Amino acid sequence: MEFSEWYSDILEKAEIYDVRYPIKGCGVYLPYGFKIRRYTFEIIRNLLDESGHDEALFPMLIPEDLLAKEAEHIKGFEDEVYWVTHGGKTQLDVKLALRPTSETPIYYMMKLWVKVHTDLPIKIYQIVNTFRYETKHTRPLIRLREIMTFKEAHTAHSTKEEAENQVKEAISIYKKFFDTLGIPYLISKRPEWDKFPGAEYTMAFDTIFPDGRTMQIATVHNLGQNFSKTFEIIFETPTGDKDYAYQTCYGISDRVIASIIAIHGDEKGLILPPIVAPIQVVIVPLIFKGKEDIVMEKAKEIYEKLKGKFRVHIDDRDIRPGRKFNDWEIKGVPLRIEVGPKDIENKKITLFRRDTMEKFQVDETQLMEVVEKTLNNIMENIKNRAWEKFENFITILEDINPDEIKNILSEKRGVILVPFKEEIYNEELEEKVEATILGETEYKGNKYIAIAKTY
Ligand SMILES: Nc1ncnc2c1ncn2[C@@H]1O[C@H](COS(=O)(=O)NC(=O)[C@@H](N)CS)[C@@H](O)[C@H]1O
C-alpha cells in the first residue's frame with residue numbers, strides 16, 4: 001500500500017485522529033491519539049524543565065501593530081496569518097491575529113520584565129495551538145492550519161556567547177527527545193534563503209518518511225538581537241552600559257506524533273514506543289467453555305501484578321481472540337499476554353511482541369522482569385530499525401551531477417549528500433537539481449550539502 005494511503009488509513013483504524021472536522025487543515029485528536037500526544041509531550045516537558053526552562057502561557061490574539069513590528073518576521077508570515085476583525089457585531093478598531101508563532105507577544109512582555117542583566121537569562125516555553133493559513137496541501141498532523149500541539153521555547157540572554165550555547169542546548173534537548181522516541185534525524189543549518197523570518201540562522205532536524213521524502217520535525221533559531229532591537233528588550237550590563245538581549249527560539253509540533261506513526265509503523269499498523277503507548281501490555285484471556293473462571297482469575301492476577309509499573313489493560317470483550325489480537329496490533333500495543341487454561345496448568349505465560357510479531361513463553365515467576373526487559377528490547381529494536389531504514393535513504397555523491405541527483409530523488413528518494421563547496425551553495429542549485437537544499441550538514445565526520453524532496 002502506498003504510504004500516504006497507509007498513513008490516513010491508520011489514523012482512522014487506530015482511532016488516533018479524525019480528519020472529518022469541517023475546516024480544511026483542522027482535525028480532532030481522539031482519546032487514544034490524545035494519550036499518545038500527552039505521553040509524547042510529557043517527555044519534552046521534562047527535558048525542558050530539567051534544563052532550566054519554565055512553562056508559561058500567553059494570549060492567542062496578537063494586535064496587528066505588534067505582529068508587524070519586526071519587518072522580516074511579518075514579511076515571512078503575512079500570507080499565513082488568520083485575522084479576527086469583529087467582537088460580536090462590533091468591528092474591532094485594531095485587527096487581531098491568531099498567533100502563527102509567539103515571538104511578538106512574548107517579546108513585547110519581555111521588554112517589561114528585563115531591566116538589568118540579572119533579569120537574564122529568561123528561558124520559557126508554551127505548548128499551545130497556533131494558526132497558519134497554509135496554502136500548500138494540508139495533511140493531518142503534518143501540515144495543519146491549526147497546529148494543535150506547538151511547543152515553542154523562547155530565550156533571552158545577556159551575551160552573544162550565552163545565546164550561542166543556548167542553541168547548542170536546544171539541539172541536544174531535541175536529540176535526546178528524538179532518541180527517546182527512536183526517531184532518526186539529520187541536523188542541518190538551513191540556507192540563508194530558507195531560515196526562519198527574523199532569525200540570524202536556523203538549525204533544523206529532518207527525518208525521512210517511508211515514502212522517502214524528508215519532514216522538518218524541529219527547528220532551532222538564533223535570533224541574535226533582531227527582535228530585541230525591535231521590541232527594545234534592553235538591559236543594564238554588569239559595567240553599567242546598555243545592551244539589547246541576545247535571543248533564541250525553538251519549536252516542534254504535531255509532526256512529532258506523525259513521525260512516531262509513520263516511522264515505526266508497519267503494514268499491520270502502529271508500533272508504539274512503550275514510553276508513549278497508552279497501553280503497554282494488553283492481557284487477552286482465551287476463554288474456553290467451562291474454563292472461563294480460572295482464565296479470568298489468572299488474567300486479573302497478572303493485571304494486578306503489572307498495573308503498578310505498566311499501563312496494562314485486560315481485553316474482556318466477548319469477541320473471538322483473533323479479533324482482539326488484530327485490534328491491538330493495529331493500535332501498536334507493544335506487548336500482549338495471552339492467558340489460556342493450558343498455560344495456567346503449566347504455570348507458563350505466553351507473550352507476543354508487536355515489533356517482531358514473535359510469540360514466546362516464560363515461567364509465570366519471571367513475569368515482571370520479562371515484561372520490563374522485553375519492553376526495553378522493543379524500544380531498542382524499533383529505534384535501530386528506524387535508523388537502519390534512515391541510513392539506507394542516504395546517498396553520498398562525490399560531486400553535483402544534476403541528472404544523477406534528479407534520477408535518485410525520483411527513484412530512491414531520501415537525502416543526497418554532496419561535499420560542501422561554497423561556490424555551488426546557492427538557490428540556483430535548487431533549480432538545477434529540482435529539489436530542496438536542506439542545508440549544510442555534518443555526516444559521519446564530513447561536511448556536506450544535503451538535498452532532498454521534502455514534505
Ligand atoms: N503547518 C504546520 N503544521 C504542523 N507543523 C508545522 C507547521 N508549520 C511548522 N510546523 C512545525 O513547527 C516547527 C516550528 O515552526 S517554525 O516556523 O519552524 N519555528 C517557529 O515558529 C519558531 N517560533 C520556533 S518555535 C517546524 O520545525 C515544524 O516542525
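All ligand and atom numbering here is 1-based and tracks the order in the structure. Everything quoted here is computed from the prediction, not taken from an experiment. Position 1 is the first residue of the sequence; numbering continues from there.
Shortest contact from atom 3 (N) of ligand 1 to any protein heavy atom: Leu144 N, 3.0 Å. With hydrogens left out, the protein atom closest to atom 5 (N) of ligand 1 is Ser253 OG, 2.8 Å, a heavy atom. Among protein heavy atoms, atom 23 (N) of ligand 1 sits closest to Glu103 OE2, 2.4 Å. Scanning the protein heavy atoms around atom 14 (C) of ligand 1, the nearest turns out to be Thr219 OG1, 3.4 Å.
In this structure the side chain of Val220 reaches within 4.5 angstrom of the side chain of Tyr174, judged on heavy atoms.
For Tyr133, the OH atom is loosely surrounded, since the number of other residues' heavy atoms within 6.0 Å does not exceed 12. For Glu431, the CD atom counts as densely surrounded, since its 6.0 Å shell holds more than 12 non-hydrogen atoms of other residues, nucleotides or ligands.
A cation-pi arrangement is present between Lys189 and Tyr201, with the terminal nitrogen or guanidinium carbon under 6.0 Å from the aromatic centre and inside a 45° cone about the axis. Cation-pi geometry between Lys447 and Phe420 is met: the NZ or CZ atom falls under 6.0 Å from the ring centre, inside 45° of the normal.
Not a single heavy atom of Phe205 sits less than 4.0 Å from an atom of ligand 1. Residue contacts with ligand 1 include Ile217, since one of its heavy atoms falls under 4.0 Å from the ligand.
Contacts between Ile142 and ligand 1, counted as non-hydrogen atom pairs separated by less than 4.0 Å, involve the backbone only.
The distance from ligand 1 to the heavy atoms of Arg143 drops below 4.0 Å at these ligand atoms: 3 (N).
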